[in-house]
Amino acid sequence: MAMSEEKSLNFIEEIIENDLQSGKYDSIVTRFPPEPNGYLHLGHASSICLNFGLTQKYPGYTNLRFDDTNPATEETAYVESIKEDVSWLGFTWKNERYASDYFDQLYAFAVQLIQKGLAYVDDSTPEEIALQKGTPTTPGTDSPYRNRSIEENLDLFTRMRNGEFPDGARTLRARIDMQHVNMLMRDPILYRIKHAHHHRTGDTWCIYPMYDFAHGQSDAIEQITHSICTMEFVPHRELYDWLIKQLEIYASRQYEFARRNINYTVTSKRKLLQLVTEKKVTGWDDPRMPTISGLRRRGYTPHSIREFCDRIGIAKRDNMVDVGLLEFCVREHLNQMALRRMVVFDPVKLVITDYQGEEWLNTENNPEDPAAGSRQIPFSNTLYIERDDFMEQPPKKYFRLAPGQMVRLKSAYIIRCDEVIKDEQGVVQEIRCSHLPNSKSGSDTSGVTVKGTLHWVSVKQALSVEVRLYDRLFSVEDPTDESADFMQYLNPQSLTVLPAVYAEPALSEATESERFQFIRKGYFVLDRDSSPGRLVFNRTVGLKDTWASATSKK
RNA sequence: UGACCCAUGGUGUAACGGUAGCACUACAGAUUUUGGUUCUGUCUGUUAAGGUUCGAAUCCUUAUGGGUCAACCA
């Protein structure tokens, strides 16, 4: 008998299982450490799902830590949005922490290093420091201030803290090795002077620790067992470990995985910010943005994003994930939960000449989920159907309406096209049909089978709503390709607004928490721009359309 | 002219010296009151050359290709 399938572990899970089995740890602690200088995006989702997922799978917990060591770029508004996004994705952090919580401790660590002769105050200018650094292929040179006495360093560092020097006048540097092959080990800057207001500590400080003197130390303070980051931090690991050793603090370990790249989009805070500031999108939560808030507004479900992160996995090699997988994940979830509704985007009038009056027909809300129940839809002899559901001269295998051809109207009757009314330009104005009275859905005794089923809306009860259709933001797979500025690859057709389409009346009660499938059209969600008299729907993703892809190929 | 990281179908990811598997995509077919869903099937892969071994995607060497490193950013 087949055992329950054993899911293979990613390399970080393997490390953790080894650590747990060897007794190195009884439980683990991870952290998600965003800098509050922008909104979270799909790349962060991967890290969130990894870090939080690990402590759901293994004993332990995950902290949310804001890496707020640069007051120039960070804001409380970003902190709030990050918390909202992590929660929305479905994760709960054990402790909410800030690197700025540790500024006193970090300062004490720096003093400790000075006392051990492992750090010094440098008066060099940024240009001089850059020169001293050397290049990856040539060794660096010592700063003339490298051999100051411990007393002088202590005095200068205190005065730096006391605000006696202007921005950039001095730095605190680790005293390691200017000849080191790893550039990061060439006396890295630990503290810089910045007379700036911090979103949490206000004006208490005018010196701020650099990433390398804050991140690992915060990990140690929180006793993070597995500090997971992306591959570009690999060279930092040596410095991370050096500081642990010299400071004699808790030995957190850093592990790196490759950042997930997704085609037809960008996931870099800098580029996303540029899209916002240059008004190429309406904001961080524009439904075309790969931000969590954008995806949320677009109608993505937290579950579908988690599923996506799970499927793309974690590894160390460069990658370019197909955005089609994200779309697959959301379709899969929405198919199970979305309420079906009928909406006609590009209407043409259809009259059933041998039908009188009106009736309300019963139809299921979701064929995948009987528990979703059913609703009533109004039917009459004057309807709207999609213009492209009719062709006067249909190609082969066209299952829709054509002169003399029969189709079923979803949840209603089978009809046959008898006559087409056109204007002087030859544009179809009205399609006249007759119906099979005994073909009513649920009680069909006609014995007739048809290949096509069309969605429709009764003209008299039709609701007018706005629909916004989104396409990928960029028209090339890799907009970050250096051969041109990424802005040049923006897809001019990324947004299509249909200000007035015709919807069945049940949609008037739509709420933002519901998801809809407009039958044969795609998945939609109510946008917050809606007002009582003016409903706006965002298309989350279209339905798979094998007919359209087959016909476009010809 | 250096150091470090990485290399499995079109894409993502497994195989831990012993049958190259899974998913997405694509393409067929069946079912279907959504050309959706579901079901079945098909195509496509270990960067290269040496070496170790009874046996190599896996270990070693070299080459090739991609990426990272010279912010008082994170």
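So you know, we letter chains A, B, ... as the sequences are listed, proteins then strands, and number each from 1. For the numbers below, each heavy atom of this structure counts, side chains included, while hydrogens, waters and symmetry mates do not. Computed from a predicted model, the values in this text were never measured in an experiment.
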Report task. Among B:rG36, B:rU13, B:rG35, find the nucleotide with the atom closest to the side chain of A:Tyr398. Result -> B:rG35
Query raised in the report: Which is true for A:Arg260 with a 4.0 Å heavy-atom rule: it touches a base, it touches only sugar-phosphate, or it touches nothing?
Result: sugar-phosphate
Report summary line: Smallest heavy-atom separation, A:Thr30 atom then A:Asn51 atom, equals OG1-O, 2.9 Å
Requested in this report: Report which part of the nucleic acid A:Leu325 touches: base, sugar-phosphate, or nothing (heavy-atom distance under 4.0 Å, all strands).
Outcome: sugar-phosphate
**Report entry** Watson-Crick/G-U partner (both atom distances under 3.5 Å) of B:rU8
**Finding:** none
Query raised in the report: Could you give the CG-to-P distance, from A:Asp478 to B:rU11, as a whole number of Å?
Result: 14 Å
Report task. Give a yes or no answer on whether the side chain of A:Ser439 reaches the backbone of A:Ile414 with a donor-acceptor pair at less than 3.5 Å. Result -> yes
Requested in this report: Taking only the side-chain heavy atoms of A:Thr137 (C-beta and beyond), determine which of B:rG2, B:rG35, B:rG36 contains the nearest atom.
Outcome: B:rG2
Query raised in the report: A:Gln336 near the nucleic acid: base, sugar-phosphate alone, or nothing, with a heavy-atom cut-off under 4.0 Å?
Result: nothing
Query raised in the report: Contact class for A:Gly442 (heavy atom, under 4.0 Å): base, sugar-phosphate, or nothing?
Result: base
Query - Between B:rG36 (P) and A:Phe328 (CZ): distance, integer Å - result: 15 Å
Report summary line: A:Lys316 has its side chain closest, among B:rU13, B:rC5, B:rU34, to B:rC5
Requested in this report: Kindly check if the number of other-residue, nucleotide or ligand heavy atoms within 6.0 Å of NZ (A:Lys451) is above 12?
Outcome: no
Query raised in the report: Rounding to the closest angstrom, what is the interatomic distance between B:rG21 and B:rA15 at atom P?
Result: 14 Å
Requested in this report: Verify the contact: side-chain N or O of A:Arg331 to OP1 or OP2 of B:rC24, cut-off strictly under 4.0 Å; return yes or no.
Outcome: no
Requested in this report: Looking at every strand, decide which applies to A:Ile314 at a 4.0 Å heavy-atom threshold: base, sugar-phosphate, or nothing.
Outcome: sugar-phosphate
Query - Nucleotide opposite B:rU46 in a Watson-Crick or G-U pair, distances under 3.5 Å - result: none
**Report entry** Any side-chain donor near an acceptor of the partner, A:Ser143 and A:Asp122, under 3.5 Å
**Finding:** yes
Query raised in the report: Quick one: is B:rA14 close enough that its OP1 or OP2 comes under 4.0 Å of any side-chain N or O from A:Arg317?
Result: yes
Requested in this report: Check the distance between B:rU34's P and A:Trp456's CH2 and give it to me in whole angstrom.
Outcome: 15 Å
Query raised in the report: Rounded to the nearest Å, what distance is computed from the CG atom of residue A:Asn319 to the P atom of nucleotide B:rG10?
Result: 17 Å
Query raised in the report: Reckon A:Phe308 touches a base, only the sugar-phosphate, or nothing at all at heavy-atom distances under 4.0 Å?
Result: nothing
Report task. Please state how far atom CG in A:Asn261 lies from atom P in B:rU13, giving the value in whole angstrom units. Result -> 11 Å
Report task. Would you check if the side chain of A:Lys269 reaches a backbone N or O of A:Glu35 as a donor-acceptor pair within less than 3.5 Å? Result -> yes
Report task. Determine the contact category for A:Arg311: base if any of its heavy atoms lies under 4.0 Å from a base atom, sugar-phosphate if only primed atoms, P, OP1 or OP2 are that close, otherwise nothing. Result -> sugar-phosphate
Report task. For nucleotides 67-74 of chain B, just jot down a letter per nucleotide in 5' to 3' order: B, S or -, based on protein non-hydrogen atoms under 4.0 Å. Result -> S-SB-BSB
Report task. Identify whether NZ of Lys or CZ of Arg in A:Arg472 sits under 6.0 Å from the centre of the six-membered ring of A:Tyr264 and within 45° of that ring's axis. Result -> yes
Query raised in the report: Which atoms form the tightest heavy-atom contact between A:Ala196 and A:Tyr208, and what is the distance?
Result: O-OH, 3.1 Å
Query raised in the report: Do A:Arg31 and A:Glu222 sit within salt-bridge range, that is, some charged N less than 4.0 Å from a carboxylate O?
Result: no
Query raised in the report: Taking the six-membered ring for Trp, are A:Tyr413 and A:Phe379 ring centroids under 6.0 Å apart?
Result: yes
Query raised in the report: Which residues satisfy the side chain to side chain contact (heavy atoms under 4.5 Å, CB included) test with A:Asp101, sequence neighbours excluded?
Result: A:Arg97, A:Tyr98, A:Arg200
Report task. Kindly say whether, by distance alone, the side chain of A:Arg408 makes a donor-acceptor pair under 3.5 Å with the base of B:rU33? Result -> yes
Requested in this report: Could you encode protein contacts along nucleotides 56-62 of chain B as a string, one character per nucleotide from 5' to 3', using B for base contact, S for sugar-phosphate-only contact and - for no contact, with a heavy-atom cut-off of under 4.0 Å?
Outcome: -------
Query raised in the report: Where each residue is assigned the nucleotide of RNA chain B containing its nearest heavy atom, which of A:Pro367 and A:Met320 is assigned the position nearer the 5′ end?
Result: A:Met320
